[in-house]
There are 2 protein chains.
Amino acid sequence: MSTLTIGQVARRVGIGIETIRFYERKGLIEEPPRRESGYRQYGEGDIERLVFIQHAKTLGFSLKEINELLSIRSRPDANSREIKEIASAKLADIDNKINLLKRMQQTLKKLVDQCPGDGPTCECPILEAMEMDDNGGVKMSD
Amino acid sequence: MSTLTIGQVARRVGIGIETIRFYERKGLIEEPPRRESGYRQYGEGDIERLVFIQHAKTLGFSLKEINELLSIRSRPDANSREIKEIASAKLADIDNKINLLKRMQQTLKKLVDQCPGDGPTCECPILEAMEMDDNGGVKMSD
DNA sequence: GTATAACCTGTACTATACTACAGAGTCAAG
DNA sequence: CTTGACTCTGTAGTATAGTACAGGTTATAC
């Protein structure tokens, strides 16, 4: 079985060398065997694991959560219910983030539309909204 | 004119004392005058400024951006166009974040729906999606 | 045989937004 | 006058996810 150096792995996965060592320190990937020189020796399994990490990241999982997913994945008696629960929680998480952002979007869009985009800032509805204690028709709280 | 201690300000605005000092260090609020003892003396203007900061935060502005908004606000010759530009940029920013999250949401929802929530993890479509190099109908890239 | 590319460890720094002390001094109530 | 609450400065830690060296060793190409 051929082995890969850290640089080859980095290029194949499309991440930085430092990132791989960082993941190792974080326990996301195992410490690989070393050559006599101390150089890390990786195999195809490490590539797969790193690709898994990248994919999980694009789905919104944090490194901590990815670590959990990985340890479930490597437990032979693991049930897919465990994975589904984590994924569902993440989905709820994403829903909440979207809702929060949508509220921000709505409020801000209203203010931007109201702003003439010219004239003194003392009449700017955007600033006014942020200055006001009780608010002129625009909700500011979460 | 009455003055307020940092603790009184913190209570009125609903933030921590340390946060106020942190904002001072960051230049978001000015260094207030001091009593002979060294105690900070705040006025109503400081309360308003801190409330402004809180409101801007709920609209999604970072402290750096809030600093910009504040400095524009305090410039007498400032034009509301400057504010509108910053707000529009932030709005575009929020739109992008929402779109990214929506893509995550879609992909993840599909996977969660496909997962039986029982059985071995080797058959879990969520894990499979993250493992695969080329993907089984589910897009993983941004 | 030498140049240089790649690798090693360890530490420190980036950004964001706080939060938590320690140790000392001050203020207000009883 | 004492006690406890409050405030001061300065430093360090939290979480997240890396990135960037310095200084030294090893591998590889010519």
*So, Arg40(A) and Glu24(A), do they make that salt bridge, N to O below 4.0 Å?*
yes
*Hey, does the Lys NZ or Arg CZ of Arg34(B) hover above the aromatic six-ring of Tyr39(B), less than 6.0 Å from the centre and inside 45° of the axis?*
no
*Selected nucleotide, minimal atom distance to Leu63(A) side chain, candidates dG18(D), dC7(C), dT7(D)*: dG18(D)
*Would you call Arg49(A) and Glu30(A) a salt bridge, using N to O less than 4.0 angstrom?*
no
_Residue closer to the 5' end of DNA chain C, Phe61(B) versus Arg40(A) (nearest nucleotide)_ = Arg40(A)
_For Glu128(B), is there an ion pair with Arg73(A) - N to carboxylate O distance below 4.0 angstrom?_
no
*Distance below 4.0 Å between Ser62(A) side-chain N/O and dT16(D) OP1 or OP2*: no
_Rounded to whole Å, how long is the line connecting atom OH of Tyr23(A) with atom P of dG18(D)?_
4 Å
Atom pairs under 3.5 Å, N or O on each side, protein against nucleotides 24-30 of chain D: can you list them with distances?
residue : atom : partner  : partner atom : Å
dT26(D) : O2   : Tyr39(A) : OH           : 3.4
dA27(D) : OP1  : Ser37(A) : OG           : 3.1

_Charged N-O contact under 4.0 Å between Glu82(A) and Arg75(A)_ = yes
*Please report, rounded to the nearest Å, how far the P atom of dT19(C) is from the CD1 atom of Ile6(B).*
14 Å
*Listed partners of Lys109(B) passing salt bridge (Lys or Arg N to Asp or Glu O under 4.0 Å), at least two apart*: Asp113(B)
*Rounding to a whole Å, what distance do you find between Glu65(B):CD and dA17(C):C1'?*
13 Å
*Using whole Å, report how far CD1 of Ile66(A) lies from P of dT16(D).*
12 Å
*State which residues pass salt bridge (Lys or Arg N to Asp or Glu O under 4.0 Å) with Arg11(B); sequence neighbours excluded, sorted by chain then number.*
none
*Separation of Gln41(A) atom CD from dC8(C) atom C1', in whole Å?*
14 Å
*For Arg21(A), report the nucleic acid contact type (base, sugar-phosphate, nothing); a contact means any heavy atom under 4.0 Å.*
base
_Among dA20(C), dA17(D), dC8(C), which nucleotide has an atom closest to any side-chain atom of Glu18(B)?_
dA20(C)
*asked:* Without decimals, in angstroms, what is the distance between Lys26(A) NZ and dT16(D) P?
replied: 7 Å
*hbond_proxy Gln8(A) side chain to dC7(C) base (donor-acceptor, 3.5 Å cutoff)*: no
*Spacing of Glu24(B) atom CD relative to dA17(C) atom P, expressed in whole Å*: 18 Å
*asked:* Testing the 3.5 Å rule here: is there a donor-acceptor pair between the side chains of Glu85(A) and Ser88(A)?
replied: no
*Nearest listed nucleotide, side chain of Thr19(A), among dA20(D), dG18(D), dC8(C)*: dG18(D)
*If only side-chain N and O atoms of Lys57(A) are considered, is one of them under 4.0 Å from the OP1 or OP2 phosphate oxygen of dT16(D)?*
no
*Does a side-chain N or O from Lys64(A) land closer than 4.0 Å to OP1 or OP2 of dT14(D), or not?*
no
*What nucleotide among dT9(D), dC18(C), dT9(C) has an atom nearest to a side-chain atom of Phe22(B)?*
dC18(C)
*Tell me: CZ of Arg25(B) to P of dC8(D), nearest whole Å?*
12 Å
